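Here is the structure we will look at, set down as structure tokens.
Small disclaimer: the values here were computed from a predicted structure and weren't measured. Along the sequence shown, residues are numbered consecutively beginning with 1.
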Amino acid sequence: MDVTEALEAHKNKFKTIEVERLLPVDFDLALLATFDQNPIEDSSFSGNNDEIDSFLKDYTRQGTQLLINEIFKLPVESNDLGVVAKLPEQKTVIPREKPLPKGKPLTRWEKFAKAKGIQKTKRSRMVMDEATGEYKPRYGYKGINDDQGDWLIEVPDKADPLEDQYAARKTAKKERVAKNEARQRRNLEEAAAVSQGKNPRDVRKGELEREIRLSKTSTASLGKFDKKLQHEPKVKGVKRKFAPAISDVKQEKESSMNILQKVVGNEGVLNVAKAIKKSRK
């Protein structure tokens, strides 16, 4: 039985995998991309819309065929997904979707270390305590410098012999912790000011002026008779305006009706849900 004609007819149903291009085509297999710089002749678009669509589909298929041919030339390996190809390194430089993250501003210690050329060295977290022969943390809870557990404390020179040294150590530790927390807050505030492009000293100065203005409102005179501080900025007060005690009867009636309307009207002044919660307490 001769099946040559049947095989030839079946073969003609499929297009060839060999594609010819005048100029070499560039590939970036890591992105599964093909860059074809061959010019398209104007005669290809001289027909109607159906012919143009057919040409574009065929041209796209040829470019895809070139990419698939290159992928089949790559080395392959077997894994849980099956036989896969090993893609090479990416060659095309793609711009970032988002801008580069800004670096964190340097702390006071980092600025000092950079100016003095101090290199950061990694030290072990645990150190040997010669008194107990055990390893303890270098700092923190139950650290090597924690002196709160001493059962005997020597009274320092020039100290009150009747002073409780245990209480003095606790007070000193609380002061050190508070000082460290204040330094941490100061570093965070300075870093936030630098990230916004502001001078930390100017930001702190503005905060102090705002606190002074707020403190003036704690007295009945709103700071009018308070003692002025040295270099204290002049605070501009706001004069309160009071309605006249004697006014037109028509104007007074209108004002009273406005107040009544706010109380019993449906203007959303009274929060009914909040009032119900308070009444249940």
**Study point:** More than 12 heavy atoms from other groups under 6.0 Å of CD on E211
**Key:** yes
Check your understanding: Is it true that atom CD of E207 has more than 12 heavy atoms of other residues, nucleotides or ligands lying nearer than 6.0 Å?
Key -> yes
Exercise for review: Give a yes or no answer on whether the side chain of T171 reaches the backbone of A167 with a donor-acceptor pair at less than 3.5 Å.
Suggested key: yes
**Study point:** Heavy-atom pair of closest approach, residues K111 and L106
**Key:** CE-O, 3.5 Å
Practice item. Decide yes or no on side-chain contact (heavy atoms from CB on, under 4.5 Å) for K86 and V76, but give the supporting numbers first. Key: CA-CA 6 Å; K86 295 182 180 179; V76 296; over 6 Å; no
**Study point:** Spatial distance of atom OG (S255) from atom CG (D248) [nearest 0.5 Å]
**Key:** 12.0 Å
Review point. Going by distance alone, is a donor N or O of one side chain under 3.5 Å from an acceptor N or O of the other, for N187 and T107?
Key: no
Practice item. Flag yes if I71 and L87 sit in one hydrophobic cluster, no otherwise; membership is Ile, Leu, Val, Met, Phe, Trp, Tyr, and two members link when side-chain heavy atoms are under 4.5 Å apart. Key: yes
Check your understanding: Going through the checks in order, is the side-chain contact (heavy atoms from CB on, under 4.5 Å) test met by T34 and T64?
Key -> CA-CA 8 Å; T34 306; T64 307; over 6 Å; no
Revision key, fill the gap. Interatomic distance, NZ@K173 vs CZ@R176, rounded to 0.5 Å, equals 7.5 Å
Point to revise | M126 with M128, same ILVMFWY side-chain cluster at under 4.5 Å | key: yes
Point to revise | Steps toward salt bridge (charged side-chain N to carboxylate O under 4.0 Å, His left out) verdict (R108, E190) | key: CA-CA 9 Å; R108 286 175 174 256; E190 290 183 356; 2.8 Å; yes
Check your understanding: Any donor-acceptor pair under 3.5 Å linking the side chain of D26 with the backbone of F35?
Key -> no
Exercise for review: Verify the neighbour count for atom CD of Q251: are there more than 12 heavy atoms of other residues, nucleotides or ligands below 6.0 Å?
Suggested key: no
Practice item. Work out which heavy atom in N38 is nearest to a heavy atom in L22; give both atom names and the distance. Key: OD1-N, 3.3 Å
Review point. Could you walk me through whether K73 and E70 pass the salt bridge (charged side-chain N to carboxylate O under 4.0 Å, His left out) check?
Key: CA-CA 5 Å; K73 296 178 183 179; E70 292 296 322; 3.4 Å; yes
Check your understanding: Can you tell me how far NZ of K57 sits from CG of D53, rounded to the nearest 0.5 angstrom?
Key -> 6.0 Å
**Study point:** Nearest-0.5 Å distance that lies between atom CD in Q165 and atom CG in D160
**Key:** 8.5 Å
Review point. Do L56 and V25 sit in the same hydrophobic cluster, where Ile, Leu, Val, Met, Phe, Trp and Tyr count as joined when their side-chain heavy atoms come under 4.5 Å apart?
Key: no
Exercise for review: Report yes if some heavy atom in the side chain of V84 is under 4.5 Å from a heavy atom in the side chain of E77; otherwise report no.
Suggested key: yes
Check your understanding: Hey, quick one: are F27 and L32 part of the same hydrophobic cluster, counting side-chain heavy atoms closer than 4.5 Å, chains of contacts allowed?
Key -> yes
Review point. Of all heavy-atom pairs between K136 and G143, which one has the smallest distance, and what is that distance?
Key: CD-O, 4.3 Å
Revision key, fill the gap. One should read off an interatomic distance between T92 OG1 and I94 CD1, to the nearest 0.5 angstrom, of 6.5 Å
Revision key, fill the gap. Shortest non-hydrogen pair, R21 vs G63, comes out as NH2-N, 4.1 Å
Review point. Taking atom types as modelled and ignoring hydrogens, do the side chains of E254 and N258 form a donor-acceptor contact shorter than 3.5 angstrom?
Key: no
Check your understanding: Taking it one step at a time, do D202 and K198 satisfy side-chain contact (heavy atoms from CB on, under 4.5 Å)?
Key -> CA-CA 8 Å; D202 295 339; K198 300 178 182 179; over 6 Å; no
Study note, to complete from the structure: Here the pair of heavy atoms bringing L23 nearest to P39 is CD1-CD, 4.4 Å
Point to revise | Minimum-distance pair of heavy atoms, taken over all atoms of L74 and A85 | key: CB-CB, 4.3 Å
Check your understanding: Got a sec: does the OH of Y166 have more than 12 other heavy atoms crowding it under 6.0 Å?
Key -> yes
Review point. Measuring from Q90:CD to L31:CG, what's the distance to the nearest 0.5 Å?
Key: 4.0 Å
Exercise for review: Taking atom types as modelled, find out whether N69 and Q65 have a side-chain donor-acceptor pair closer than 3.5 angstrom.
Suggested key: yes
Point to revise | Residue pair D58, Q62: steps toward the side chain to side chain donor-acceptor pair (under 3.5 Å) verdict | key: CA-CA 6 Å; D58 186 63; Q62 293 177 8; 2.9 Å; yes
Practice item. Test F112 against every option in K116, K114, E110 by the side-chain contact (heavy atoms from CB on, under 4.5 Å) rule and name the one that passes. Key: K116
Point to revise | V194-V203 co-clustered via ILVMFWY side chain contacts under 4.5 Å | key: no
